[in-house]
Amino acid sequence: MELKRDGLNRYRLPRHGKMRVDAVVYVNEHLLPYLREDKSLEQLMHAACLPGVVEPVIGMPDIHEGFGLPIGGVMAVAPDGVISCGAVGMDINCGVRLIRSDLLARDFDKPLLRRLMERIEDYVPTGVGKKGKHKGLTAHIFEDVAHRGVQAVIEAGFGAPGHLEYIEEEGCLPGADIAAVSREACARGSVQLGTLGGGNHFIEIQEVTDVYDPELAARFGLFRGQLTVMIHTGSRGFGHQICTDYTKRLAAVAPKYGIELPSKGLAAAPIDSREGQDYYKAMACAVNFAFANRQIIMTDVVRAFGDVLGFSAEAIGMRPVYDVAHNIAKWEKHYGRRLLVHRKGATRALCAGHPANPPVYRDTGHPAVVPGSMGTASYVLVGTEKAAETFFSVNHGAGRLLSRTAAEKKITREEFERAMGEVLYNTRNYREVVDEAPLAYKDIEQVVETLVAVGITKKVVRMRPLAVIKGKD
DNA sequence: ATGTCC
């Protein structure tokens with residue numbers, strides 16, 4: 001493929017064949033070779049063929065092959081174009097919440113961290129197929145959650161109204177309608193609020209080790225030596241079922257609207273069609289579910305801290321720094337136009353002064369929370385004015401390097417344990433999480449530095465993991 | 001990612 005260098009760490013795939021626009025990928029010399037190892041470039045080209053797509057389709061430095069749009073992809077579409085469930089992903093509103101505290105990491109030795117992990121696991125079900133522990137309560141408010149997101153769970157006693165301003169979209173994407181969601185999706189979702197899930201999802205206790213921008217860090221409530229908690233999860237079986245349902249439905253009706261689908265995974269329909277509108281309504285339900293899911297899990301984590309430390313949540317200053325989606329489609333204004341921006345494995349990162357920032361972060365830009373792999377560092381970034389060229393988006397993590405099966409074959413116990421170092425983890429057998437080993441992922445430092453060098457983002461702080469809770473049986 | 005194959 002004729003990838004052309006287009007400035008520092010930027011490569012352009014010029015429009016050709018059925019592509020309507022160019023694709024642009026951000027990689028440095030370390031990450032560039034990975035592009036040849038999977039079908040992610042081909043998948044970006046497919047996205048560039050869809051009606052209404054706006055130049056360019058973007059690949060982030062953590063890009064890798066997915067179902068439809070690659071993970072690490074951004075696709076903006078004009079109102080006369082299409083909406084695609086394959087450009088949002090199976091785990092709708094998979095995302096990350098960073099929680100601050102007034103606690104110092106140095107006060108937490110390994111036995112104390114172990115007690116915290118165990119108590120968190122008592123409260124938060126982890127692993128595939130698990131049901132929530134607040135089952136009756138959350139099933140009762142399920143429809144309200146789908147429509148109103150975090151507000152509905154705050155009213156049910158999970159957290160405080162003040163948390164809303166620290167969540168993208170204030171925890172509710174407008175336009176959700178449960179009538180567009182299948183009974184099956186509702187049956188799966190209604191019992192899963194407050195659950196972590198499996199795969200790359202986690203709850204991590206961290207220490208802020210590096211502050212790159214003291215003024216911004218202070219504005220975000222972060223400081224060196226601080227204990228933080230990060231939650232990475234999404235919409236569980238609810239979003240998964242919605243994506244499955246609508247991939248079938250949109251693929252079936254695409255020909256009726258004269259749309260030639262470039263791949264099976266990129267099922268799409270016109271934004272203004274009945275089916276496209278229905279997908280948006282259903283997707284918004286899953287977005288709201290996932291924001292609420294992270295809110296419930298946060299309150300359970302704070303409760304665990306309170307139990308173990310003997311303090312109230314207020315006394316230890318725990319609240320969200322920010323909660324960001326990295327699998328979502330949203331209406332946003334770019335270059336003076338209203339566009340439906342699909343981000344799949346990409347994080348919104350608005351610059352200082354951007355009017356779409358939440359009021360608390362209006363003049364700083366909101367924190368863009370970027371987790372590393374299990375056992376490696378995570379970052380808080382902020383977008384710059386130059387991020388306009390990525391529709392104000394940055395990467396969503398380190399990005400997978402090996403498939404789950406390849407990781408299971410290649411990575412030994414010794415390699416896994418060496419990579420984890422002193423980091424505590426909850427699984428007894430490394431085989432349960434070897435597909436999540438740091439060696440199965442790209443180097444988060446290379447990924448972040450790629451965008452920093454281009455000037456799209458600035459580092460605010462870096463956190464190192466102390467203890468990580470992953471899904472297990 | 002996922003009641004990891006209805």
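The analysis underlying the following values was restricted to heavy atoms, covering all of them including side chains, and did not include hydrogens, waters or symmetry mates. Naming: A, B, ... by sequence-line order, numbering from 1 per chain.
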K.L.:
If I take atom CG in residue A/L196 and atom P in nucleotide B/dT2, what distance separates them, rounded to the nearest angstrom?
P.N.:
8 Å
K.L.:
Rounded to the nearest Å, what distance is computed from the CG atom of residue A/D91 to the P atom of nucleotide B/dT4?
P.N.:
15 Å
K.L.:
How long is the line joining CD of A/E432 and P of B/dT4, in whole Å?
P.N.:
17 Å
K.L.:
Can you tell me if the side-chain N/O atoms of A/R404 get under 4.0 Å from OP1 or OP2 in B/dT4?
P.N.:
no
K.L.:
Find the distance A/H240:NE2 to B/dT4:C1' and express it as a whole number of Å.
P.N.:
8 Å
K.L.:
Measure from CZ on A/F289 to P on B/dT2 and round the result to the nearest Å.
P.N.:
11 Å
K.L.:
Nearest-Å distance, CD (A/E408) to P (B/dT4)?
P.N.:
15 Å
K.L.:
Can you confirm whether A/K135 is buried at NZ, in the sense that more than 12 heavy atoms of other residues, nucleotides or ligands lie under 6.0 Å from that atom?
P.N.:
no
K.L.:
Looking only at side-chain N and O atoms, does A/H201 come under 4.0 Å of OP1 or OP2 in B/dT2?
P.N.:
yes
K.L.:
Identify whether the distance between the nearest side-chain nitrogen and carboxylate oxygen of A/R338 and A/E332 falls below 4.0 Å.
P.N.:
no
K.L.:
With a non-hydrogen cut-off below 4.0 angstrom, is A/E184 in contact with a base, only sugar-phosphate, or nothing?
P.N.:
base
K.L.:
Just to verify, what does A/F202 make a ring-ring contact (aromatic ring centres under 6.0 Å, His included) with, not counting sequence neighbours?
P.N.:
A/H232
K.L.:
How many whole angstroms separate atom CD of A/E436 from atom C1' of B/dT2?
P.N.:
14 Å
K.L.:
Determine the contact category for A/G234: base if any of its heavy atoms lies under 4.0 Å from a base atom, sugar-phosphate if only primed atoms, P, OP1 or OP2 are that close, otherwise nothing.
P.N.:
nothing
K.L.:
Pairs in or reaching into residues 419-444 of chain A: which pass ring-ring contact (aromatic ring centres under 6.0 Å, His included), with residues at least two apart or in two chains?
P.N.:
A/F416-A/Y425, A/F416-A/Y430
K.L.:
Expressed as a whole number of angstroms, how long is the span from A/I71:CD1 to B/dT2:P?
P.N.:
13 Å
